[in-house]
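Working notes for the structure below.
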Amino acid sequence: MDANKIIAGQPDTRDRLLNTAQRLFAEQGFKATSLRQITHEAEANVASVNYHFGSKEEMLNELIRRRVEPVNERRYTLLEKYRDEAAGQPIPLEKIFEAFFLPFFQSVAPYTDKDTMDLIHIIERLSEQSTLRQAVYEEHFKQLSITILEALSETLPELETTELHWRFHFALSLMLSSMSTRQRVGNSSKGFCDPEDIEGMVKRLIQFICAGFRAN
């Protein structure tokens, strides 16, 4: 490859680097993927990484940010809307999970399932590097988790803190697995369940999780 052919400021270089890094991080893990491999497959050069991101770690942050940030902004907007509608009362449980789940499921529509699975795999594989995983959580998910847990605590004050956190953990896990493995329900139900009925799936998921939160 002619290193002078593709320069740092080329308009599509940044996206090409991010898309390549996303695929490789998902397939191999963050640690096993080198900048040289990313730039080679993206037909770019190391200078372009420094120009656009500064480091491999910041490239990881950016590819997560570009998918997660718009989703989280929509979550906060919905939560505030439902808080206003509650007029000083706790937000109804179903509305909390609607604010938490809907933006995530709606965000998948413009992308392929592989894009969604790539992001999930990248985050899961960060367990290889606990410090980096914690940094990603702190930047992209911590404040949202605190906000949702506070709303849940206001709505279910009788639920002990330990139970609240366990049940939120289960809810989060169900949200992720319901999207990434939804084709199974189409196969196992022999077509009675439509895995592409995202709205119906979210409605059922919220009903199921709220029943769990209300259980004694």
With sequence neighbours left out, the residues meeting ring-ring contact (aromatic ring centres under 6.0 Å, His included) with F53 are none
Q. If we only count heavy atoms from C-beta on, is the F100 to L172 side-chain gap below 4.5 Å?
A. yes
Is the side chain of S107 donor-acceptor paired with the backbone N or O of F104 at a distance under 3.5 Å, no angle test?
-> yes
d(L78 CG, E85 CD) to nearest 0.5 Å is 9.5 Å
In short, P103 meets E98 closest at the heavy-atom pair CD-O, 3.7 Å
Taking every heavy atom of A42 against every heavy atom of T20, the minimum-distance pair comes out as CB-OG1, 3.5 Å
TODO: Using a strict cut-off of less than 4.0 Å between a Lys/Arg side-chain nitrogen and an Asp/Glu carboxylate oxygen, indicate whether E160 and R167 qualify as a salt bridge.
DONE: no
Heavy-atom nearest pair, L205 first then M175, reads CD2-CA, 4.1 Å
Looking at N45, is its backbone amide N or carbonyl O close enough to the side chain of S48 to form a donor-acceptor pair, meaning the two atoms are under 3.5 Å apart? yes
Under 3.5 Å donor-acceptor, K56 side chain and F30 backbone
yes
* Same apolar cluster (I L V M F W Y, side chains within < 4.5 Å links), F170/Y137 -> no
Notebook entry, point to check: Taking the side chain from S153 and the backbone from L149, do they hold a donor-acceptor pair closer than 3.5 Å?
Noted result: no
Side chain R204, main chain G200, donor-acceptor under 3.5 Å = yes
Residues 86-97, side-chain donor-acceptor partners within the protein, below 3.5 Å, at least two apart:
{"from": "E94", "atom 1": "OE1", "to": "R214", "atom 2": "NH2", "distance (Å)": "3.1"}
{"from": "E94", "atom 1": "OE2", "to": "R214", "atom 2": "NH1", "distance (Å)": "2.7"}
{"from": "E94", "atom 1": "OE2", "to": "R214", "atom 2": "NH2", "distance (Å)": "3.2"}

